[in-house]
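One structure is given here, and the rest of the page talks about it.
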Protein chains: 2
Amino acid sequence: MLNLAQVETFVAVVEQGGFHEAARHLGVSQPTVTQHIKKLEADLVRPLIVRAHGSAGTTSHGAAFLPFARTLLRIAGRARAALDSRGLVIGASSNIGVYLLQPLVKAFAEALPDFGPVDLRIAGNPDIARRLEDSEVDIGLMEWWDDRPGFEAQVWREEPVVVIVPPDHPWAGRASVDKAELLAEPLIGGEPGTGTARLLERELGIAPEALKAGPQLGSTEAVKQAVRAGLGVSLTLESAVRDETASGALHALSVRERPLAKSLYAILADNLPAASPARAFGEFLRPAAPAGV
Amino acid sequence: MLNLAQVETFVAVVEQGGFHEAARHLGVSQPTVTQHIKKLEADLVRPLIVRAHGSAGTTSHGAAFLPFARTLLRIAGRARAALDSRGLVIGASSNIGVYLLQPLVKAFAEALPDFGPVDLRIAGNPDIARRLEDSEVDIGLMEWWDDRPGFEAQVWREEPVVVIVPPDHPWAGRASVDKAELLAEPLIGGEPGTGTARLLERELGIAPEALKAGPQLGSTEAVKQAVRAGLGVSLTLESAVRDETASGALHALSVRERPLAKSLYAILADNLPAASPARAFGEFLRPAAPAGV
DNA sequence: ACACGTTACGGCAACCGTAAGGATT
DNA sequence: AATCCTTACGGTTGCCGTAACGTGT
């Protein structure tokens, strides 16, 4: 099989008109150029270059080979460019993508531009999982992970989860509520697959059936509006409601028995090359600020 | 730079749907396939293949790379084919090409068809020398050689040279003439650059000026016709007049002082790869029948 | 147990750079 | 002498096959 490095050297010799210039142009030593040409000629079993003092030209075989050589290099370059231009595709679940990740994506793209453009795709958690399986995204930032094989998960953050109520709610002046109070209020559900139900069950021992379920809405934004409208209370990532708590549009409380926090995971296929953009982004996330910022 | 062997393995894995089948198809061991894919993924810094039990598929990166991979292999194959189809170009001086070489060319093409088609180009000796310099021919069969650098010469044959006279010539019944007799007859010249004058000077000590020169014709065929027409005698390769001496159209004599013979040379560029068609033909010529056949 | 792919390892060749050696101008 | 290419050589790396090892069916 042809060696493209040798082919590149051949083209350089022809274009630069000499071994010495070709070596300089390619950034290799000059004997390497000699060797490349010799190897290529041996491989093709044809002389390609006529060595004359001061001017290296092609033989008739070399002339016949030259257009193929240029084409091969062009295609190889395009292949690499096509992959590079795809850049890094990050998949993030809605809350993470909307409220947490965007500044980090920007910082990564600026700090390590060599990995090419960064594309952030926001979708529901189950959809991100599917896209990981299908290699549609290179790294997934999710609110749960089920340790399915073929992937490695790292806990990215432990993000606080708070109860939100409208400003005119009886709890509005308090810092926390207890489990019993929570069970008595209609609990508005947000996006499915975010693991909130699992969190309640694991941390507070609340079975899904025990809840007084309010409307099940599809997005965190919808939940916020519902809570403000007085349809019930809800649980969200603290970072998702920071603007509203600051402005007083919503009031956030912790749970007295146990401050809730949700683990956010970064998921990568476990066969990624060490220097891949996805791994680089995973490493970039590691020194992220501790939970709660 | 991309490694085309790895690219070929990648395509094989995709087409065969598995590492095992790809290895069998390529004729390599299965771990080699693993290694090729890993190296290629590391090189492109993207995962290309999704390893699943029973079915290997591409990642999105792999799918993007696949058409480039196929194109690269196709171009590489075409480049090789383009060079192979050029085959071997043999340059031969007129006498050699017309009277001696054709059966050998046929035998070579049949004995070693792997070297591709064989093209025989017949021209004058100086033109063959020029074509060798310009790499327009891969091997030259000539009647002289001046040991210019960059080429290797091997003596192919010592081919007898005879004096030819018409059947009604006074010498027609004899087997030889001597130098003095030769000098007295008009000597018809053939194709320039065949080294006949050099031969006379070296072997018989005849200076060019001492000759009673007849017309200088451009080709051996013209010389034969001139001799038959009685314009003079001439010197030719014995093999060039075998038909005519057999039919009685011409009579051939040797020179008494010293039987004349001309060295025929095979000339190759000295930088040819060992397995090149030109070298193969050169080797093919070596065991040729001894001079005089 | 079987089928598939990966890891480990050892031998061999490829590759590259430095240094020295022609050859030509 | 200067330029250009080739040869020689050693250290490193790449490459491939055999064998042993996971892993999922």
Side-chain angles (χ1 to χ4, degrees), chain A residues 1-10 12-44 47-59 62 133 146-152 269-274, chain B residues 1-10 12-14 16-44 47-59 62 133 147-152 269-274:
Chain A
M1 194 57 51
L2 281 174
N3 178 325
L4 288 190
Q6 292 166 8
V7 171
E8 185 177 35
T9 301
F10 167 71
V13 167
V14 173
E15 289 183 347
Q16 305 296 321
F19 285 43
H20 210 255
E21 267 309 288
R24 206 186 52 74
H25 188 251
L26 294 170
V28 299
S29 74
Q30 188 276 329
T32 298
V33 174
T34 297
Q35 202 182 23
H36 276 192
I37 299 299
K38 276 184 130 55
K39 286 268 170 61
L40 187 59
E41 288 179 327
D43 184 18
L44 294 172
L48 299 173
I49 297 282
V50 192
R51 284 82 154 170
H53 231 77
S55 70
T58 64
T59 65
E133 291 276 5
D146 54 8
D147 280 328
R148 63 186 78 184
F151 295 89
E152 358 177 306
D270 62 7
N271 65 348
L272 288 181
Chain B
M1 193 57 51
L2 281 174
N3 178 324
L4 288 189
Q6 293 166 9
V7 171
E8 184 177 36
T9 300
F10 167 71
V13 167
V14 174
Q16 305 296 321
F19 285 43
H20 226 244
E21 267 307 289
R24 208 186 52 74
H25 189 250
L26 294 170
V28 298
S29 74
Q30 188 276 331
T32 298
V33 173
T34 296
Q35 200 181 23
H36 276 191
I37 299 298
K38 276 184 130 53
K39 285 269 170 62
L40 187 59
E41 289 179 326
D43 183 19
L44 295 172
L48 300 173
I49 297 283
V50 189
R51 285 82 156 172
H53 255 265
S55 70
T58 63
T59 65
E133 292 276 6
D147 280 327
R148 62 187 78 186
F151 295 89
E152 352 176 315
D270 63 6
N271 65 347
L272 289 181

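Reminder, nothing fancy here: chain letters follow the sequence lines and each chain counts from 1.
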Whole-Å distance separating the [atom1] atom of [X] from the [atom2] atom of [N]:
{"X": "B:Arg24", "N": "D:dC16", "atom1": "CZ", "atom2": "P", "answer": "19 Å"}
{"X": "A:Leu40", "N": "C:dA14", "atom1": "CG", "atom2": "C1'", "answer": "15 Å"}
{"X": "A:Glu41", "N": "D:dT6", "atom1": "CD", "atom2": "C1'", "answer": "13 Å"}
{"X": "B:Gln6", "N": "D:dT13", "atom1": "CD", "atom2": "C1'", "answer": "14 Å"}
{"X": "B:Glu8", "N": "D:dC15", "atom1": "CD", "atom2": "C1'", "answer": "15 Å"}
{"X": "A:Ile37", "N": "D:dT6", "atom1": "CD1", "atom2": "P", "answer": "9 Å"}
{"X": "B:Gln35", "N": "D:dT18", "atom1": "CD", "atom2": "P", "answer": "14 Å"}
{"X": "A:Gln16", "N": "D:dC4", "atom1": "CD", "atom2": "P", "answer": "13 Å"}

Of the nucleotides [options], which one has an atom closest to the side chain of [X]?
{"X": "B:Lys39", "options": "C:dA8, D:dC15, D:dC5", "answer": "D:dC15"}
{"X": "B:Pro31", "options": "C:dA8, D:dA8, C:dG5", "answer": "C:dA8"}
{"X": "B:Thr32", "options": "D:dC15, D:dG17, C:dT6", "answer": "D:dG17"}

For B:Ser29 and A:Gly18, find the nucleotide of DNA chain D closest to each by heavy atoms; which residue's nucleotide sits nearer the 5' end?
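Checking each residue's closest nucleotide, the 5'-ward one belongs to A:Gly18.
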
Which residue, A:Gln30 or A:Asn3, contacts DNA chain C at a nucleotide closer to its 5' end, judged by nearest heavy atom?
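Nearer the 5' end of the strand: A:Asn3.
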
Indicate yes or no: at least one non-hydrogen side-chain atom of [X] is less than 4.5 angstrom from one of [Y].
{"X": "B:Leu48", "Y": "B:Thr58", "value": "no"}
{"X": "A:Ile49", "Y": "A:Val14", "value": "yes"}
{"X": "A:Asn3", "Y": "B:Leu4", "value": "no"}

It should be established whether [X] places a side-chain nitrogen or oxygen under 4.0 Å from OP1 or OP2 of nucleotide [N].
{"X": "B:Thr34", "N": "C:dT6", "value": "yes"}
{"X": "A:His36", "N": "C:dA14", "value": "no"}
{"X": "A:Lys38", "N": "D:dC5", "value": "no"}

Nearest 0.5 Å please: distance from the CG atom of B:Leu26 over to the CD atom of B:Gln16.
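Separation between the atoms: 7.5 Å.
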
Counting the atoms with a prime plus P, OP1 and OP2 as sugar-phosphate, which does A:Glu21 contact under 4.0 Å by heavy atoms, base, sugar-phosphate, or nothing?
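No contact.
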
Counting the atoms with a prime plus P, OP1 and OP2 as sugar-phosphate, which does B:Val28 contact under 4.0 Å by heavy atoms, base, sugar-phosphate, or nothing?
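Contact class for B:Val28: sugar-phosphate only.
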
Less than 4.0 angstrom from a charged side-chain N to a carboxylate O is my criterion; do A:Lys38 and A:Glu41 meet it?
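No.
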
